[in-house]
Amino acid sequence: MTVVNATSVDEVLHALVELPEPRLVAGGTDMMVEVNFGRHRPGDVVSLRQVRELRTWHRNDDGSVFIGSGLPYRVMEEGELATLLPALAQAARTVGSPQIRAAGTLGGNLGTSSPAGDGLPVLAALNAEVHLRSLAGDRRVPFSEFMTGVKKNVARADELITGVTIPRTAGFQAYAKVGVRNAMVIAIASACFVHDETTNTVRLALGAVAPTIVRCSEAEAFLNAELAKAQPMTDTVLDQFKDLAAQSARPITDHRSTAEYRRHAVAVLARRLAERAFDVA
Ligand SMILES: Cc1cc2nc3c(=O)[nH]c(=O)nc-3n(C[C@H](O)[C@H](O)[C@H](O)COP(=O)(O)OP(=O)(O)OC[C@H]3O[C@@H](n4cnc5c(N)ncnc54)[C@H](O)[C@@H]3O)c2cc1C
């Protein structure tokens, strides 16, 4: 086995095409579980831990935020980044334990592409773009086109996820999840709700209730139409929003939960987050 402790993106990209069986590892919190359970035997390993340019974030001139794929959750939980992206901070705080949040990265969440990944509904609701780089060049893929199935995405074997760009959205944003306990838990159902004050429109993304992250277009359209009426928000409207959100889910029954409970839980989350965004008459 060859282990490359890369220190630059360029080194990573060369390793991806030159090694016979390269496997990227960032925090290792997903990959090492696979190895420990015997589900994966890495051929060659390319470590991203020392690639500094992946472990940073910055604000662009247009107010959008770029987050490097190697930035650990710990950095997203508090400080300036948490103020800019509160929903991402909330999601980051729910990931595993402090040890997992010190090592785990958004790039790894994207690389694994589990529908239960806590970062992913936030990227969906905030209309993030994923940056992919190979020796052939760069491309940016809207998150809505990135995930194609359970643990499947459009990144090619020679591509590195370098980060995400999250456009600026003024207004309420929040993330919540349901699990079998209050901490150290993979989501049974999760939701990210955003109210864009500039356009007075909402966005809702659901996690762990379908093979990919779901954007609830019908629920969004319904609530947008209600908001356009400029009347006080009511319980009746939020109940209809919740029901439409649940209809977008395509949950399964597995070792974590039943499909029925997942559908119920995601509806509760959708309503709860929307209720926090508006004063209900
Ligand atoms: C105890 C425990 C608790 C956990 N709890 C949660 C939780 O609550 N919520 C949650 O969402 N997840 C949880 N996880 C899963 C994991 O921590 C996250 O998915 C995390 O984001 C993975 O990041 P990583 O950097 O450790 O990924 P790694 O394990 O290093 O990599 C994961 C996959 O992504 C690929 N990859 C990594 N970086 C890149 C890149 N830059 N470009 C392309 N491919 C890349 C790797 O090749 C690998 O296939 C938990 C894991 C453990 C062990």
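Heavy-atom basis, side chains included; hydrogens, waters and symmetry copies ignored. Remember, it's 1-based here, ligands and their atoms both numbered in the order they're listed.
Interface atoms of ligand 1 facing Gly117, defined by a heavy-atom separation under 4.0 Å, are 11 (O). Less than 4.0 angstrom separates some heavy atom of Thr94 from each of these atoms of ligand 1: 8 (O). Contact atoms of ligand 1 toward Val25: 30 (O) (distance under 4.0 Å to a heavy atom of the residue). Heavy-atom contacts of Tyr73 reach the following atoms of ligand 1: 20 (C), 21 (O) (cutoff under 4.0 Å). For ligand 1 and Ile100, the ligand atoms under 4.0 Å from any heavy atom of the residue are 1 (C), 2 (C), 17 (O), 52 (C), 53 (C). Taking every heavy atom of Leu48 and a limit of under 4.0 angstrom, the matching atoms of ligand 1 come to 38 (N), 39 (C), 40 (C), 41 (N). When each atom of ligand 1 is checked for a heavy atom of Thr112 under 4.0 Å away, the hits are 32 (C), 33 (C), 34 (O). Distances below 4.0 Å separate heavy atoms of Ser69 from the following atoms of ligand 1: 41 (N).
Checked against a 3.5 angstrom limit, the closest N/O atoms of Gly27 and ligand 1 fall inside it. The distance criterion of under 3.5 Å between nitrogen or oxygen atoms is not met by Val33 with respect to ligand 1. In terms of polar-atom proximity, defined here as any N/O pair under 3.5 Å, Ala26 does make such a contact with ligand 1. For the pair Leu106 and ligand 1, the shortest N or O to N or O distance does not fall below 3.5 Å. Polar contact with ligand 1: absent for Met184 (N/O pair, distance under 3.5 Å). Residue Gly28 places at least one N or O, backbone or side chain, under 3.5 Å from an N or O of ligand 1. Close N/O approach between Lys177 and ligand 1 is found [any backbone or side-chain N/O within under 3.5 Å]. Distances between N or O atoms of Leu24 and those of ligand 1 include at least one value under 3.5 Å. Among the atoms of Gly119, none of the N or O lies under 3.5 angstrom from an N or O of ligand 1.
Annotation: atom 3 (C) of ligand 1 to nearest protein heavy atom, Gly96 CA, 3.9 Å. Thr29 OG1, 2.6 Å is the protein heavy atom nearest to atom 26 (O) of ligand 1. Protein heavy atom closest to atom 27 (O) of ligand 1, with residue, atom name and distance, is Gly108 CA, 3.3 Å. With hydrogens left out, the protein atom closest to atom 19 (O) of ligand 1 is Asp30 OD2, 2.6 Å, a heavy atom.
Side-chain N or O atoms of Arg55 include none that pairs as donor or acceptor with a backbone N or O of Gly68 at under 3.5 Å. In this structure a side-chain-to-backbone donor-acceptor pair under 3.5 Å is missing from Asp235 to Leu238. Asp196 contributes no side-chain N or O that, together with a main-chain N or O of Thr201, makes up a donor-acceptor pair within less than 3.5 Å.
Atom CZ of Phe241 sits about 9.0 Å away from atom CZ of Phe222, to the nearest 0.5 Å.
Around CZ of Arg168, the count of heavy atoms belonging to other residues, nucleotides or ligands within 6.0 Å does not exceed 12.
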Please tabulate, one pair per line, all N/O donor-acceptor pairs under 3.5 Å involving side-chain atoms of residues 28-39, not counting sequence neighbours.
| from | atom 1 | to | atom 2 | distance (Å) |
| --- | --- | --- | --- | --- |
| Asp30 | OD2 | Thr112 | OG1 | 2.8 |
| Glu34 | OE2 | Arg23 | NH2 | 3.4 |
| Asn36 | ND2 | Met32 | O | 3.2 |

Distance-only donor-acceptor pairs under 3.5 Å for side chains of residues 174-191, two or more places apart:
| from | atom 1 | to | atom 2 | distance (Å) |
| --- | --- | --- | --- | --- |
| Tyr175 | OH | Asp118 | OD1 | 2.3 |
| Lys177 | NZ | Thr94 | O | 2.9 |
| Lys177 | NZ | Thr94 | OG1 | 3.3 |
| Lys177 | NZ | Asp118 | OD2 | 2.7 |
| Lys177 | NZ | Val185 | O | 2.8 |
| Arg181 | NE | Ala183 | O | 3.2 |
| Arg181 | NE | Met184 | O | 3.2 |
| Arg181 | NH2 | Met184 | O | 2.6 |
| Ser190 | OG | Gly207 | N | 3.4 |

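Under a 4.0 Å N-O distance rule, the pair Glu159/Arg156 qualifies as a salt bridge. Remark: Arg215 engages Glu220 in a salt bridge, criterion side-chain N to carboxylate O under 4.0 Å. Between Arg263 and Asp243 there is no salt bridge, since none of the side-chain N atoms of the basic residue sits less than 4.0 Å from a carboxylate O of the acidic one. A salt bridge links Glu129 with Arg140; the closest basic N to acidic carboxylate O contact falls under 4.0 Å.
When Asn153, Ile186, Leu120 are ranked by how near their heavy atoms come to atom 14 (N) of ligand 1, first place goes to Ile186. Summarising the contacts of atom 35 (C) of ligand 1 with Gly111, Gly207, Ala92, the nearest heavy atom is found in Gly111. Heavy-atom proximity to atom 11 (O) of ligand 1, evaluated over Val51, Ile161, Asp118, is greatest for Asp118. Among Val95, Thr105, Val130, the residue whose heavy atom lies nearest to atom 23 (O) of ligand 1 is Thr105.
Side-chain contact of Glu260 with Thr258: a donor-acceptor pair under 3.5 Å is absent, judged by distance alone. Side-chain atoms of Ser64 and Asp62 include a donor-acceptor pair closer than 3.5 Å. Side-chain N/O atoms of Thr169 and Gln173 include no donor and acceptor closer than 3.5 Å.
When every heavy atom of Leu110 is checked against every heavy atom of Phe146, the shortest pair comes out as O-CE2, 3.5 Å. Minimum heavy-atom separation, Met76 to Ala92: CB-CB, 3.9 Å.
Ligand 1 has at least one atom lying under 4.0 Å from a heavy atom of Val185. The closest approach between His40 and ligand 1 stays at or above 4.0 Å for every heavy atom of the residue.
Residue contacts with ligand 1, taken as heavy atom pairs separated by less than 4.0 Å, involve Arg23 solely via side-chain atoms from C-beta onward.
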